[in-house]
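Single-structure report; data block below.
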Amino acid sequence: MKRCIIIGRPNVGKTMFALQFAVYLGVAEARIAFAEAGGRRWEKTYDMGNAVANLTGSAPHHTRQLQALRLELPAGKGKREFELLDTSGLVDGIHPDAGIRRAMAQTLAAVRDAHVILHMIDAAAVGRADPVRAIGEVDYQVAQFAQMRDGYLLVANKMDLPEASRGLARIRREFVGHPVAPVSALHRQGFYEVKAFVGRHI
Amino acid sequence: MHAEVAGSKVEPRTVDEILEWLSAGRISSGEAFALFRRLETAPAPAANDGGEGEQQRLAVAMAELDDLIGLEPVKELVRELQAFVAIQRRRAEERLSTEPMALHMVFRGNPGTGKTTVARILGRMFQAMGVLPRGHLVECERADLVGEYIGHTAQRTREHIRKALGGVLFIDEAYALARGGEKDFGKEAIDTLVKAMEDHKDELIVILAGYRQEMEYFLSVNPGLRSRFPIQIDFPDYTPDELYRIAQRMCEQRQYRLSPAAGLRLRRLLEQGQASTPYSGNARLVRNLIERAIRRQAVRLVRRKRLTRDDLITLEAVDLAGAGADPVRLPRPVAGWTLGEAGVACR
């Protein structure tokens, strides 16, 4: 099964995107497989409302483990299953919390195995020139790393916020040559492009 | 940034090390990505899986292939195959999706065009690359596989397959298995073979060999076979020029030499042979010519009182004359012909 991974800095909306994307693809109930860096694994089924309430939040580093959703995309006459991996956020520099560092290592290991990388950037934060959540060193490194790969899409999230369009322009300037898909995870907008991209690469 | 020890930069070298350093807080995630990138763009380490010995064995096998006269399209295909296998292995290491490696082959060509020789080299090549554990060649043909009563065939076929496990099973004149229609035991042999190919996917490569037209017919009446033998290699007939070079090499290896006149004569014979029969473009014809010439030279010399070293070495045009007087027609190949020591394509 092909794997599609969502990565990005903390609190850019990775989990929200994963859940809303699942809804967009017609999933009513999310069965999520969690995998902690320490090796603990468990599964839990949420209905979508609960999932959003429980798994997302406005403080960074809400997600601290890999969360896998099994989704289906129409492919030809049938359907193709793929795994959407939601990950813990990546920070610049060395994070003081060992748990988060381990979660990041886990994310990076998963990135190497993924077939499609959705790299999420908070367009609104970029527009505001927010020093913490805007584009950071790790974003540039991810883009360079992903240059060699086919299935790499930049996803500019939070396009519903007013500063986001400026942010989007900046993202396009900073990552010339990479495709950028503007979305609003919260409102499930701009998902068509992402779906088409994922469909092409799985 | 990176720890410095005794002036030299220490860096994590493997994926696991990078991840370990990241969780230990020695590098940032950005640096980890940069290291990943370097890891992926770095040239493949030579001692990938196996090290010196295997590399060397592979080089030997490839050199042996290059040493064969002619066969350019075959050599090219083998090189392609080698590159394909190498890259698929590299990809597997990077956990990229890989093509399934079905390496069963069909060799189509006239007798004496190098099929067995190439099969033997392929066995060694795959062994060196770690595709096959042993890489030996087991030759067989219809008579070895097909039995005399019901159930006997499967048993005999399995026996040969068992012998070939870990290497290459080379079935000569494979089209003969389809001879004799529906009730023939040949079909049972094919079925057993196909099953074994599935069961021992990773430790057996089957090569079917035979004349071009017959093999074409054979594959067309067994449609399932064609897809199971994705690699088809055509062995072209040797040109007179290539045959001449083969003859020269055979002489050299036997410590003989063609006199200039004999050389000319041989060339003419080869060209005539090519024109007169369709199955003459092969190295076995050359070997017969040379061996016959060697015997005739012996007859010519045996009555002489005084012989120089040079006399013993040189094959004259007269020696070839007799060989040429023989009609240049080939018998159908017989199982068990031995491989020319020359490593030249002749069985």
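Residue numbers begin at 1 in each chain, while the letters A, B, ... track the order of the sequences. Quick note: numbers below take in every heavy atom, side chains included, and nothing from hydrogens, waters or symmetry partners.
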Worksheet item: Side chain, backbone, both or neither: which part of A:V91 has a non-hydrogen atom closer than 4.5 Å to chain B?
Response: backbone
Worksheet entry | Sequence neighbours excluded - ring-ring contact (aromatic ring centres under 6.0 Å, His included) pairs with any residue from residues 72-103 of chain B | none
Item to complete: Could you tell me which residues satisfy salt bridge (charged side-chain N to carboxylate O under 4.0 Å, His left out) with B:R226, sequence neighbours excluded, listed by chain and number?
Response: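 Partners of B:R226 by the salt bridge (charged side-chain N to carboxylate O under 4.0 Å, His left out) criterion, ordered by chain and then number, come out as B:E216.
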Which donor-acceptor pairs sit under 3.5 Å apart between chain B and chain A?
residue, atom, partner, partner atom, Å
B:S23, O, A:R101, NE, 2.9
B:S29, OG, A:V91, O, 2.7
B:R37, NH1, A:Q144, OE1, 3.1
B:R37, NH2, A:Q144, OE1, 2.6
B:E40, OE2, A:R112, NH1, 3.3
B:E40, OE2, A:R149, NH2, 2.8
B:E94, OE1, A:R112, NH2, 2.7
B:R95, NH1, A:D113, OD2, 2.7

Worksheet item: Are any of the side-chain nitrogens in B:E64 or B:R124 under 4.0 Å away from the carboxylate oxygens of its partner?
Response: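 Counted as a salt bridge, because a side-chain N and a carboxylate O are separated by less than 4.0 Å.
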Fill in: Pair B:K75 + B:E72, salt bridge at N-O below 4.0 Å
yes
Practice prompt. Would you sort out whether B:F235 and B:F107 count as a ring pair (Phe, Tyr, Trp, His ring centres under 6.0 Å), showing the intermediate values?
Written response: CA-CA 7 Å; B:F235 285 71; B:F107 284 6; 4.9 Å; yes
Worksheet item: Considering residues at least two apart in sequence or located in another chain, which fulfil the side chain to side chain donor-acceptor pair (under 3.5 Å) criterion with B:Q232?
Response: B:R108
